[in-house]
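To start, the structure itself, in structure tokens.
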Amino acid sequence: MVSKKQSLSNNALIGQVFTPKFIAEFMVDNCIKFIEEGSAKKNKKISVLEPSVGEGIFLKFLLKKGFENITAYEMDINLKENLLKNYRDVNFKFKNFLGSNLNEKFNLIIGNPPYLGQNYNAELFQDYVKNYPICKKYFVGNMDLFYYFIHLGIEKLAPGGILSFITTNYWITKSKKTGIKLLKPHVLNECFLLQYIDLSNLKLFNDAKGQHNCIFVLKKKKEEEKTQKVNNTIEIIQIGKKSPHFSDNVFNRAIFKNLINGKESRYIYKYKSAITNNDLDRQGSWNLIYPKEVKKVVEKIEKKCLSNHKNSLLKDYFIIRNGLIFIKDDIFILNNKNNNKNLKIKNNDFFVKINNEFVKLSEKEKERLKKIYKSKSLRPYGHDRKNNIGYAIYFNKNEFVSKPLDKRNSAYELNYPVLTTYLKQFENKLREILINAKENPDDLYFPRRGAFIRRLEKNNEEIIIDLESLYENDKKIFLKYISNENIFGYSDSSYFATSDTYFLWPKNSEIEIELDYTFLLAYLNSKLVYFLFKAKSISIKRSKTTLEYGLPVPNINNFISKKELSIISLIKFLTCYLIEINTSNDLTRLKTLKLNIKNFKKPPYWNQDKLLQDILYALEKNDNTTIQTTIQKTIDKLFFQIFDLREKEKEIDSLIKKYYFF
């Protein structure tokens, strides 16, 4: 179904992405290493399947290595003539591999399956579900076509057989809320993952979208291995980033030439993952890039995160939810900053545009306008107050909750005549959006999401929390909805944000009382957490964050010595100033900081004078960036001390560079 050589004939409609020959050559050589001992000399007897043969580049190297019993599928009829001409001894089947006979079994399955997302090809996937039993059995929303090829490949492998595909790595990194719901359990039930080759730093396919590629090798379990729950290690091969003076093609060829010849290179790391097959989560993200030396440091951090002998994670303290999702941002967010402005502010009076005229709001209506931000305003420890995008119309459903639904909108129209008249200009459009989303079309005055959360209290009572007062006044930590770095903002005053911002809301009322926001905020923005982001492959993506399940949170009760408690006091003391600097930009506060540091009461066992002196030197320069950087470095060093990692700081820097930026 997918052709295998880069050319202009790549057919995106059926997921065709042709494989460069140096990749195919390596994959064939690589698979031979994994075929059971002694079998490599009996290639004639090994049954081989290429499920999406394309122009036949894998066939070329399979035949060259002496394999003879080869079956190949291809549905692109335009390739038929050349395939039959060039590979006369191959058993070709010019039809869709997904309809192949499940009773066919193979010792080796190898190839580059098609990439085609279900979200943008829903009709095709529904057609496959109707016509092919394998697709009906394993269909999940938000999946990719190549998932079917893995499923069917596993079904067609003989016990002890090897499967190796090159695919995107998204199925490895995705978790249970995505299309891997059935894929990972199927892999783990039936196979060992023997090898994972991370190609995400390479651009291999010129015409393909997304270049986060990988090669993986699976081995079908034998019945006794299933029964005995045999474990297996996972070999990792990481490929580093190319030097700027290399072209993609030259670099890629050099890398795979070294891989084929087994040569060492400063761009290639080989090691056994600290994660074994039995450690892999059936529904979670697989963090395979996890060397043992990295794991040792992570485990030391996690010792301080234990609560009742269990590792505490962010999910144990917080519910992570997006900010406000309106029916249509352009309508609900008023601004006076662009050519299409629908708001005018004059002498603290607010006017909204109705029928091309600006109409003044009452004082009560002004209270329904909330200054709103996007994630670009976010800073570590705070946010840029001047960087708001306008004012959001925020009607609270609870205001007239006692009224029947058919009277509710009338109450809002009576109490907020100007704002509701403004919104009713767009009534047809708003109702259409709600109907298409299968939501109540009468909810045209309210945010669609982000105004309430459901929270489970300790007594298992589920309550609905109205977030307006929390956005307005409470302590809150927030972060960008797409990020690979640990940048956590904070506010204890009004901060309303759009859906491109995640908020951390306390999981229940008891946790809310216990939370030490100052210490936690410092930890979240620390170098330790930056290391954990890399070590645990934590990524923050819209609706797909792995943050809550991957990030351990320190239990403050694990710090009991006078020295540890004094260090925590200093961390909190410094954090308060970073919050102030990153929220208000008030440099006059720095004078107070300087005075307080000079008068800081030091315990008799204190040994942090050098750190405080560094901050005083920075304060003398009166440069905001230098001051913040110096305070952050001080906080980082303090965290290394209380986590018993003082001697490991340089090693951690080295590990980050070695495995995550090489």
Side-chain angles (χ1 to χ4, degrees), residues 321-338 340-355 357-374 377 383 385 387-427 429-431 433-434 439-453 464-474 476 478 491-499 501 503:
R321 293 291 183 271
N322 290 97
L324 292 161
I325 301 175
F326 297 101
I327 305 172
K328 189 169 178 58
D329 281 0
D330 292 347
I331 294 173
F332 275 81
I333 298 176
L334 306 172
N335 72 78
N336 61 344
K337 297 178 182 178
N338 57 37
N340 299 315
K341 62 183 179 182
N342 45 17
L343 176 69
K344 186 164 69 174
I345 304 172
K346 186 177 180 181
N347 298 326
N348 206 33
D349 289 326
F350 284 65
F351 304 80
V352 296
K353 195 173 187 179
I354 300 174
N355 296 325
E357 293 186 4
F358 284 96
V359 183
K360 184 179 177 180
L361 300 180
S362 68
E363 290 300 312
K364 184 174 183 179
E365 288 190 294
K366 281 167 60 176
E367 293 176 1
R368 290 292 105 208
L369 295 187
K370 309 294 184 182
K371 190 177 285 188
I372 192 161
Y373 298 84
K374 293 189 78 66
S377 73
H383 66 281
R385 286 183 175 176
N387 198 18
N388 67 299
I389 59 168
Y391 292 81
I393 299 173
Y394 189 111
F395 286 124
N396 192 321
K397 277 188 178 181
N398 278 351
E399 186 173 1
F400 301 109
V401 70
S402 60
K403 291 190 175 291
L405 286 178
D406 60 339
K407 305 288 186 183
R408 182 192 60 187
N409 283 10
S410 298
Y412 286 99
E413 290 160 9
L414 181 64
N415 282 269
Y416 306 102
V418 178
L419 285 178
T420 53
T421 301
Y422 162 79
L423 289 173
K424 288 185 81 170
Q425 296 177 109
F426 313 101
E427 182 174 2
K429 183 182 291 186
L430 296 175
R431 287 184 180 276
I433 292 170
L434 290 169
E439 297 178 22
N440 185 355
D442 288 331
D443 283 347
L444 74 162
Y445 293 144
F446 312 106
R448 292 177 59 200
R449 306 280 188 280
F452 300 90
I453 57 169
I464 297 175
I465 303 295
D466 183 344
L467 294 178
E468 183 179 0
S469 63
L470 278 67
Y471 285 128
E472 200 74 73
N473 302 307
D474 272 34
K476 46 199 165 284
F478 37 85
S491 177
D492 56 10
S493 58
S494 179
Y495 189 80
F496 293 78
T498 55
S499 62
T501 302
F503 285 83

- Message: Would Asp329 and Ile389 count as a side chain to side chain contact (heavy atoms under 4.5 Å, CB included) here? Give the steps.
- Response: CA-CA 11 Å; Asp329 281 0; Ile389 59 168; over 6 Å; no
* **Candidate pair Tyr495 and Ser377, rule side chain to side chain contact (heavy atoms under 4.5 Å, CB included), full reasoning** => CA-CA 11 Å; Tyr495 189 80; Ser377 73; 3.2 Å; yes
ask   = Going through the checks in order, is the side chain to side chain contact (heavy atoms under 4.5 Å, CB included) test met by Ile393 and Leu369?
value = CA-CA 5 Å; Ile393 299 173; Leu369 295 187; 3.9 Å; yes
- Can you list the steps and then say if Lys371 with Ser494 is a side chain to side chain contact (heavy atoms under 4.5 Å, CB included)? CA-CA 8 Å; Lys371 190 177 285 188; Ser494 179; 5.7 Å; no
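The shortest heavy-atom contact between Lys476 and Ser493 is NZ-O, 2.8 Å.
Note that CG of Leu361 is 5.0 Å distant from CG of Leu419, once rounded to the nearest 0.5 Å. In this structure, the separation between CD on Glu427 and OG1 on Thr420 is 10.5 Å, given to the nearest 0.5 Å. Distance check: Ile372 CD1 to Thr501 OG1 gives 8.5 Å after rounding to the nearest 0.5 Å. Note that the CZ atom of Phe395 and the OH atom of Tyr445 stand 7.5 Å from one another [nearest 0.5 Å]. Rounded to the nearest 0.5 Å, atoms CG (Asn398) and CZ (Phe452) are 4.0 Å apart. One finds the CG atom of Leu324 at 10.0 Å from the CG atom of Asn322 (value rounded to the nearest 0.5 Å).
With sequence neighbours left out, the salt bridge (Lys or Arg N to Asp or Glu O under 4.0 Å) criterion links Lys397 to Asp443. The salt bridge (Lys or Arg N to Asp or Glu O under 4.0 Å) test applied to Lys366 returns Glu363, not counting sequence neighbours. Residues passing the salt bridge (Lys or Arg N to Asp or Glu O under 4.0 Å) test with Lys360 are Asp349, sequence neighbours excluded. Taking Glu365 as the reference, nothing meets the salt bridge (Lys or Arg N to Asp or Glu O under 4.0 Å) condition, with sequence neighbours excluded. Every ring-ring contact (aromatic ring centres under 6.0 Å, His included) that Tyr391 has, sequence neighbours left out, goes to Phe350. Under the side-chain contact (heavy atoms from CB on, under 4.5 Å) criterion, Lys364 pairs with Ser362, Glu399, Asn415, Tyr416, not counting sequence neighbours.
Looking at Asn342, its side chain does come within 3.5 Å of a backbone N or O of Asn335 through a donor-acceptor pair. A donor-acceptor pair under 3.5 Å is absent between the side-chain atoms of Lys346 and the main chain of Lys344, judged by distance alone. Between the Arg448 side chain and the Phe326 main chain, no donor and acceptor come within less than 3.5 Å of each other.
Counting heavy atoms from C-beta on, the side chains of Asn409 and Phe446 come closer than 4.5 Å. No side-chain heavy atom of Arg449 sits under 4.5 Å from any side-chain heavy atom of Ser499. The shortest distance between side-chain heavy atoms of Ile333 and Thr498 falls below 4.5 Å. Using a 4.5 Å cut-off on side-chain heavy atoms (C-beta onward), Gln425 and Lys353 make no contact. Taking the side chain as every heavy atom from C-beta outward, Leu444 and Phe426 never approach each other to under 4.5 Å. Side-chain contact between Val418 and Ile354: present, with at least one pair of heavy atoms (C-beta onward) separated by less than 4.5 Å. The shortest distance between side-chain heavy atoms of Lys328 and Ile433 falls below 4.5 Å. Within the 4.5 Å cutoff, the side chain of Leu334 has heavy atoms near those of the Tyr422 side chain.
Separation of the Phe478 and Tyr373 ring centroids does not fall under the 6.0 Å cut-off. Aromatic rings of Phe351 and Phe358 (six-membered ring for Trp) have centroids beyond the 6.0 Å cut-off, not under it.
Checked for salt-bridge contact, Arg368 and Glu468 meet the test: a charged N lies under 4.0 Å from a carboxylate O. Between Arg431 and Asp442 a salt bridge is recorded (basic side-chain N to carboxylate O distance below 4.0 Å).
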